[in-house]
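So that the names make sense, note that chain A is the first sequence line, chain B the second, and so on, each numbered from 1.
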Amino acid sequence: MDYKPREIERKWRRYWEDNEVYKVSNDSDKPKYYVLDMFPYPSGSGLHVGHPLGYIASDIFSRYKRLKGFNVLHPMGYDAFGLPAEQYAVTIGVHPAVSTNDNIERYRQQLDNIGFSFDWSREVRTSDPEYYKWTQWIFLRLFEHYYCNDAKKARPVSELEEIFSKEGNARINAATSQEDTFTAEDWNSYSNAKKDEVLMNYRLAYRKVQYVNWCEALGTVLANDEVKDGLSERGGHPVERRPMLQWSLRTTAYAERLLTGLDQVDWSDALKTQQKNWIGKSVGAQAFFEIVGFDETVEIFTTRPDTIFGATYMVLAPEHDLVAKITTEAQRKKVEDYLAYAGARSEVERMSDVKKVTGEFTGAYAINPLTEEHIPIWIGDYVLKDYGSGAIMAVPSDDDRDKAFAEHFGLPIIDVVDKSDYPGATLSDKLGKMINSGFVTGMEVPDAIKAVIDELEKRGIGQKQINYKLRDANFSRQRYWGEPFPITFDEEGVSHAVPDDKLPVILPELDDFKPTSDGKAPLGKLTEWMNSPEGIREIDTMPGFAGSSWYFLRYMDPDNEDAFASKEALAYWQDVDLYIGGAEHAVGHLLYSRTWHKFLYDLGYVPTEEPFKKLVNQGMIGGRSSFVYRANEKFAEEWLYKYLRSHSQTFERNVILGEGENAFEADFACSHNKIAIELKAMHRLERYDHEHQAQFEKAGYNFLPISTEEVFAHYHEPDYILDKIRRAIDGERIDLNRNVRDTALFVSKDMIEDRSSVTKLHVDVNIVRNDILDRYAFEKSRTDFARAVYVLNEEGEYYCGHAFEKMSKRYYNVVNPDDMVEQYGADCFRMYEMFLGPIEQGKPWDTNGISGVQGFIKKYWSLFYQDGAWAVTDEEPTKDELKVLHNAIKSVNRDIERFSFNTCVSEFMKCTNELRKMKSRKAAILKELVVLMAPFAPHMSEELWHALGETGTVNEASYPVHNEDYLKEDSVTYPISINGKKRATYDFPADASKADIEAAVTGIDAIQKYLDGKTVRKIIVVPGRMVNVVVG
RNA sequence: GCGGGUAUGGUGGAAUUGGUAGACACGCUAGACUUAGGAUCUAGUGCCGCGAGGCGUGGGGGUUCGACUCCCUCUACCCGCACCA
C-alpha cells in the first residue's frame, strides 16, 4: 500500500485513544520517569510552528523511556487563570471563562494533531475549582507559617504566638519585616489588630502596605519579574512605584536555599546564572551612623566596609522614612521639590537616564563612626528604597556612582584603596591595599574588611550582613480572573483563614470583570459576596504564577479530593526528571515553583527539595519572512525616461515650465512639441487634476497625465504609452486613465537594478516556495494585489527576498502546525522539527526543508512496500545489514540520551539510504528499526509494526539494544597524515599492532612522494583512528 | 556597564569531545524518465586553480606530532540583568 499519512495517523490515534494506550498508572513495578512540558497559557492565537518544538522533544523522550521499560508520566494541562487570558478576554469582550474554554479547545485540537502521548486523563486547569481549592490550601499553609532562620525551615505561626506571649520576639531569628522588638507584656497587651499586624511581619504569605509595581493600563499590581524595562511584560504598559496594601509571599526567606539548591539540579549554566543574578546575594556589613542632633541613626549596607574611611557623605533613598524628619528648614523647600521630581518620574524615565546625576542635600549631618567626621546627608534616586536599608555611605573614591555624584555636587573625595598592584580590579573584586584609613591603613582589602567589621561589632554599631537583591513577590492582583484568596477580615480588620473544609472559595460569577483604575479589584462590585457571613472577603485575586507554582504535583494524582496529591503518589513520582520549556520562565515561574516546593518540603508534604532535576530550554523558532518588491514612482519615471530616450524623443526630465511665480516643475517635457507629462501615483494625479491642466495650459504645454499604475499596467506593452504620447503630440487632449486603479508592478528580486526604486513588502510565506512566488495565490491573497503585473527573471519566475524575523502575524511569516500536518503528516512534521537543529538553539523555520524529511519517509516506507505491495522477507540478515542496523541503534541511543534529536533523524536517513542501497527488506532488521523510530514517528511505526504481524502496540515493544560484535570491522581505513595534513588513506587489518602500522606506513606509494629528501622524525599511530608521519 | 551564549559551504546544521572538517538535508548544476508536475531516479556540488597543487571552521597569536575542539586576544551578533551600595 502507499504511504497515506492522513489515513494512517487518524487510524492509530483512534486506536490509542480507544485502548487508553497512554494512560499511566501510579501503581507499577517499573521505575518511574516524569517528563514535563512547561505549562501553556492557552492564548487566543493558537499554536504556531515554534511552539510544539519542546512538546515533540519531550514526547520523543517519553516514548523512548517507556520503550526502555520505565513507567513514564507525561501529562499536559493549562495555565488557565491570569493576566494574558483575562486581557485577551477583555479585548474581545467575552467572559474569560468562555474565551479560555474556547482557546483550550483549539489548543487541544492542535496538540492532538501532532500525536502526543499525553495522558489526558490527568489534565489539569488552574481555573477549575477542584484544582484551585488546593492552590488556596497551599496559600493558607504559607499564611500559617513563618521562616525560622535557626531551623532553616518553615514553622507554624501558632508556635510563634506562643513564644511571643511568653518572652516577646527578642530571641526569634526569623525571616521578618518586623523592626521593633517587644516583650511578652507588650504582646499580651496588644489589640487583636496590632497582633495581626505584627504576625503579618512574619507570615510567609502576608499583607502589608508597600511600594509595588502598579500598572494603570492593566489595572493591577505586577511582580518584579512581570516588569521589563519599566514596562509591563504583557502589553508593554507603563508601570509606576506606588505604596499599596498588598499580599506578598516572603520568597526572600528562601533566598539562600534557592541559591544553594541550584547546585543539585542539572540545568544550563545560562539559566542558573540568571537565577543567581536574580537572587543577587552580596556579602557585606550593616552599620549605623549617628545623625548630628537626632536620636535616630542611619542604617546602611555596604559590601566594602573597609572603605568606611573614605565615606565622605551619605545618601538616602527619596522614599526613606528619615528624610522628612532630618531635613532642615533651610533645605526643606529644595528637598520637597526634589521629592516631587523623583516621585513624578516613571520607572522608564528613571531607568532610561541612569547616567543623569540628581539629588539634594537634606541639611543634616551624620557622624562617620570611624573618622568622627561630620558628613552631609543627601537624598538621591540612585539609592533604592528596597535594597538593603535604603541608605548608603558614599565612598566616592571607590564607587563610580558615588564618584559621579560627588563630582557633580562638589563633595570631598578621599582615596582609601591603593589598587596599583591589581590593575583592572573592580569594586567587587575586593582587592588592593588600604591607605588613608586609620587603623586599617596598610592592610590588604580582605583583611581590612574583617578588621572593620570586628571594630563595628565591638562598638555595637554594625555587623556582618548578607543581602539579597531578590524581593518578596507581590501576590495580589486587582483583577477578576484568578484564584480568590481564602481570607476574610473581621470588624477589627484582623485577617482570618477560611477553614480548610470550606475550600475552595469559589470565584463568583461576574459580568463586568473589567479592571478599575483606582486599584479596587472587580470582585469588590459584588457586595453580597464580599460581605460574607464569615467576614469581609479579600477581593484581590492571586497572580498567574499561583496555580503554576505547583501544577506538576497535581498531575501525580489529579483527582484526589483529600489532598493536593496522595502521599503514595508523591512517594512514587517524587519529582520531575525532565522539564522542557522556554527560557522566558527562567526567573519567574521556576523561582516561584522552587520556593513553593521547598516550603512543601519543609512541611513534609513532598519528598524532594528541588522539583525539577533536569531542565532543557528549547530555543525559539523564528520565522523566515519573504518579501516582494513593489515598483514605486521612481521606478516608473526611470522606465519611462529610458523608454522615451530609446525612441529618440526629445523629452527632458524635471523641466521647469512657466515663469516667475508661476514656474513649476514637470516630470517630463518636450519643448519642441510643447508637451509635458506628469507621472505620479493615481491618487496624487487625481487630487490636482484640474489645477495641473490649467497650469500646463497657461505655460503653453499640452498636458499628459500618466499614472504610475498606467505605466505598470502596460509595462509589457510599452507601445501603448508611446501611442498616447503621439496622440498628445498631435494635439489631442488626453485625460487621466482611471481604469488601471490598484495596478501594481512587482519586480523579481534578481531583476532589481536600483533598490530605491522598489518598496519591500512582506508576503505570506505560505505562498512562497524556494523563494519563488506563487503568483496565482499572491493575487488572491489581498485585494490590492489582484491586478499585479510582474517583472520576471529569464526563467519566468518571480524571486522573493527573505530575512529572519520573529514569527508574527504582522510579518506574514506564521506557519501553522495544522497546515504542516495536513500536508506532510504528523510524523513528518515531528521529525522535521527535530531535524532543524539542536533543541536548545534558536533557529529559523524554513518550510522548504521539510521535503527532505518527506522524501526520507517515503524511502523508508518503500523498504516495506514496493509499488504498493508488501515486500518484507523473512530471510536471515547479512553481516553488513546487521552492521547498518546496529550502528543506527547505537547512535540513536546515544543521541537521544544527550538530547541531540537532529542527529537521530540524520541517522535514520543514513540507515535508510544504506538499506535501500543493499535492497535489504528483511523483517529481522526492519522490525528493530521500526521500534527505534517509534518515538519519532509513532503513527507510521505503529502501522508498520502491525504490518509486520505484531499485535498490541509498538509502544509496548522493547527498545533495541546494539551488539558491539556486529560493528567490528575486519580492516580499518586509516587516514595517513604528513605533519597533520591528510594525504592518503590505507587499509590495515583491524588487529594490526602499532608497530605493524609504523613499519608499513612509509612504504605506501601515495606517501612516498612526501618523504623525498626528508627525514621521518616520528610516526604517531592511534590504533583504530589515524596515522601521522612527522617529517622535516 | 555586568553576566551568559554563539560564530563552520549559498542555507539548516554534523564532527565519536584533541585524531579523515563539511555527516544528514535544503538549494543549485547536469543527465534520465515522464500525460512538464512543486513527481521520481542518477551523478556532481567548501573556495581558488586548466592542472599538479594551494587555501579553508569570525580575525590575530599560542600550546601540540595533530586544534572547529584547549589557552590568550580582538571583532560581530543574540539573550538576560542593569543606579543592587
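- Residues forming a side-chain hydrogen bond (donor to acceptor under 3.5 Å, both in side chains) with A:Asn617 (at least two apart in sequence, or on another chain): none.
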Next item on the list: Apply the test side-chain contact (heavy atoms from CB on, under 4.5 Å) to residues A:Ser862 and A:Arg916: give CA-CA distance (whole Å), side-chain angles for both, the deciding distance (0.1 Å), then the verdict.
Entry: CA-CA 9 Å; A:Ser862 73; A:Arg916 255 168 77 88; 3.0 Å; yes

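- Between A:Thr273 and B:G80 there is no side-chain polar atom (N or O) within less than 4.0 angstrom of OP1 or OP2.
- Panel note: side chain A:Ser626, backbone A:Val768; no donor-acceptor pair is recorded below 3.5 Å.
- A:Asn368 contributes a side-chain N or O that, together with a main-chain N or O of A:Ala311, makes up a donor-acceptor pair within less than 3.5 Å.
- B:C83 atom P lies 13 Å from atom OH of A:Tyr382, rounded to whole Å.
- Rounded to whole Å, the distance from CD1 on A:Ile857 to P on B:C24 is 18 Å.
- Using a 4.5 Å cut-off on side-chain heavy atoms (C-beta onward), A:Phe829 and A:Val853 make no contact.
- A salt bridge (charged side-chain N to carboxylate O under 4.0 Å, His left out) check over residues 886-895 of chain A, counting only residues at least two apart or in different chains, returns the pairs A:Lys890-A:Glu964, A:Asp895-A:Arg898.
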Check: When every nucleotide of nucleotides 39-47 of chain B is labelled 5' to 3' by its protein contacts under 4.0 Å (heavy atoms), B for base, S for sugar-phosphate only, - for none, what sequence of letters results?
Finding: --S------

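- Using a 4.0 Å heavy-atom cutoff across all strands shown, A:Asp381 reaches at least one base atom of the nucleic acid.
- The interatomic distance linking A:Trp278 (CH2) with B:C79 (P) rounds to 18 Å, in whole Å.
- Residue pairs meeting the side chain to side chain donor-acceptor pair (under 3.5 Å) criterion with at least one partner in residues 846-855 of chain A, sequence neighbours excluded, are A:Asn770-A:Asn848, A:Trp845-A:Thr847, A:Asp846-A:Asn848.
- For the P atoms, the distance from B:G53 to B:G4 is 47 Å, rounded to whole Å.
- Nucleotides B:U35 and B:U29 have their P atoms positioned 24 Å apart, rounded to a whole Å.
- Judged by closest nucleotide on RNA chain B, A:Leu271 is the one of A:Leu271 and A:Val853 placed further toward the 5' end.
- Nearest-nucleotide mapping onto RNA chain B: of A:Val383 and A:Val227, the residue sitting toward the 5' end is A:Val227.
- Remark: A:Lys272 pairs with no residue by the side-chain hydrogen bond (donor to acceptor under 3.5 Å, both in side chains) rule, at least two apart or across chains.
- With sequence neighbours excluded, the residues that form a side-chain hydrogen bond (donor to acceptor under 3.5 Å, both in side chains) with A:Tyr382 are A:Asp402.
- A side-chain donor-acceptor contact under 3.5 Å links A:Asp472 and A:Thr252.
- Put simply, CE on A:Met933 is 14 Å from C1' on B:C24, counting in whole angstrom units.
- Contact annotation for A:Ser282: backbone-only contact, meaning every heavy-atom pair under 4.0 Å involves sugar-phosphate atoms and none involves a base.
- The minimum heavy-atom distance linking A:Ile449 with A:Lys430 is given by the pair CD1-CD, 3.9 Å.
- One interatomic measurement links the two molecules: CD of A:Glu797 to C1' of B:G38, which rounds to 10 Å at whole-angstrom precision.
- Relative to the side chain of A:Met909, the nucleotides B:G3, B:A25, B:G38 differ in distance, and B:A25 lies closest.
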All N/O contacts under 3.5 Å from nucleotides 63-69 of chain B to the protein, with atom names and distances to one decimal?
| from | atom 1 | to | atom 2 | distance (Å) |
| --- | --- | --- | --- | --- |
| B:C65 | O2' | A:Asn1028 | ND2 | 3.2 |
| B:C65 | O2 | A:Asn1028 | ND2 | 2.6 |

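- If you take NZ of A:Lys910 and C1' of B:A15, they are 11 Å apart, rounded to a whole angstrom.
- Heavy-atom minimum distance, A:Val283 versus A:Lys464: CG1-CE, 3.7 Å.
- Nucleotides B:G58 and B:G13, compared at atom P, are 14 Å apart to the nearest Å.
- The listed nucleotides are B:A85, B:G4, B:A23; the one nearest the side chain of A:Ala270 is B:G4.
- Between A:Ile857 and A:Cys828, the shortest heavy-atom distance links the atoms CD1-CA, 3.5 Å.
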Scan nucleotides 11-14 of chain B against the protein and return all N/O pairs shorter than 3.5 Å with their distances rounded to 0.1 Å.
| from | atom 1 | to | atom 2 | distance (Å) |
| --- | --- | --- | --- | --- |
| B:G12 | O2' | A:Leu836 | O | 2.6 |
| B:G13 | OP1 | A:Gln841 | NE2 | 3.4 |
| B:G13 | O3' | A:Asn902 | ND2 | 3.3 |
| B:A14 | OP1 | A:Asn902 | ND2 | 3.0 |

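- Residues A:Phe856 and A:Phe835 place their aromatic rings such that the two centres sit no closer than 6.0 Å.
- Distances shorter than 4.0 Å separate none of the side-chain N or O atoms of A:Asn913 from OP1 or OP2 on B:A23.
- Whole-Å rounding puts the A:Glu914 CD to B:A23 P distance at 14 Å.
- Listed nucleotides: B:G38, B:A85, B:C24. Nearest to the side chain of A:Thr303: B:A85.
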List every contact pair, protein side and nucleotides 27-33 of chain B side both N or O, where the distance is under 3.5 Å.
| from | atom 1 | to | atom 2 | distance (Å) |
| --- | --- | --- | --- | --- |
| B:G27 | OP1 | A:Asn770 | ND2 | 3.3 |

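- B:G1 sits 36 Å from B:U64 when the P atoms are compared, rounded to a whole Å.
- Taking the C1' atoms as reference points, B:G61 lies 24 Å from B:U17, given to the whole Å.
- Between A:Trp861 and A:Tyr865, the ring planes lie parallel to each other; the angle is under 30°, not in the 30° to 60° tilted range.
- Taking atom CD of residue A:Glu833 and atom C1' of nucleotide B:A25, one finds them 16 Å apart after rounding to whole Å.
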Note to self: For Watson-Crick and G-U wobble pairs within 3.5 Å on both distances, what is RNA chain B written in dot-bracket notation, | included for inter-strand pairing?
What the structure shows: (((((((..(((......[....)))((((((.......))))))(((....)))..(((((..]....))))))))))))....

Quick one: side chains of residues 1016-1032 of chain A, donor-acceptor pairs under 3.5 Å with protein atoms, not counting sequence neighbours, listed by atom name and distance.
| from | atom 1 | to | atom 2 | distance (Å) |
| --- | --- | --- | --- | --- |
| A:Asn1028 | OD1 | A:Asn979 | N | 3.4 |
| A:Asn1028 | OD1 | A:Gly980 | N | 2.9 |

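- Taking the P atoms as reference points, B:C78 lies 40 Å from B:C41, given to the whole Å.
- Among the atoms of the strands shown, none is found under 4.0 Å from any heavy atom of A:Val587.
- B:G56 and B:G22: their P atoms are spaced 16 Å apart (whole Å).
- Partners of A:Glu840 according to the side-chain hydrogen bond (donor to acceptor under 3.5 Å, both in side chains) rule, which considers only residues two or more places apart in sequence or in another chain, do not exist here.
- Taking atom C1' in both B:A21 and B:A43, one finds a spacing of 23 Å when rounded to whole Å.
- Taking the six-membered ring for Trp and thresholds of 30 and 60 degrees, A:Phe409 and A:Trp378 have ring planes inclined between 30 and 60 degrees apart.
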Notebook entry, point to check: Step by step, would you call A:Tyr338 with A:Thr358 a side chain to side chain donor-acceptor pair (under 3.5 Å)?
Noted result: CA-CA 9 Å; A:Tyr338 182 72; A:Thr358 66; 2.7 Å; yes

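- Anti is the conformation of B:G56, whose glycosidic angle sits further than 90° from 0.
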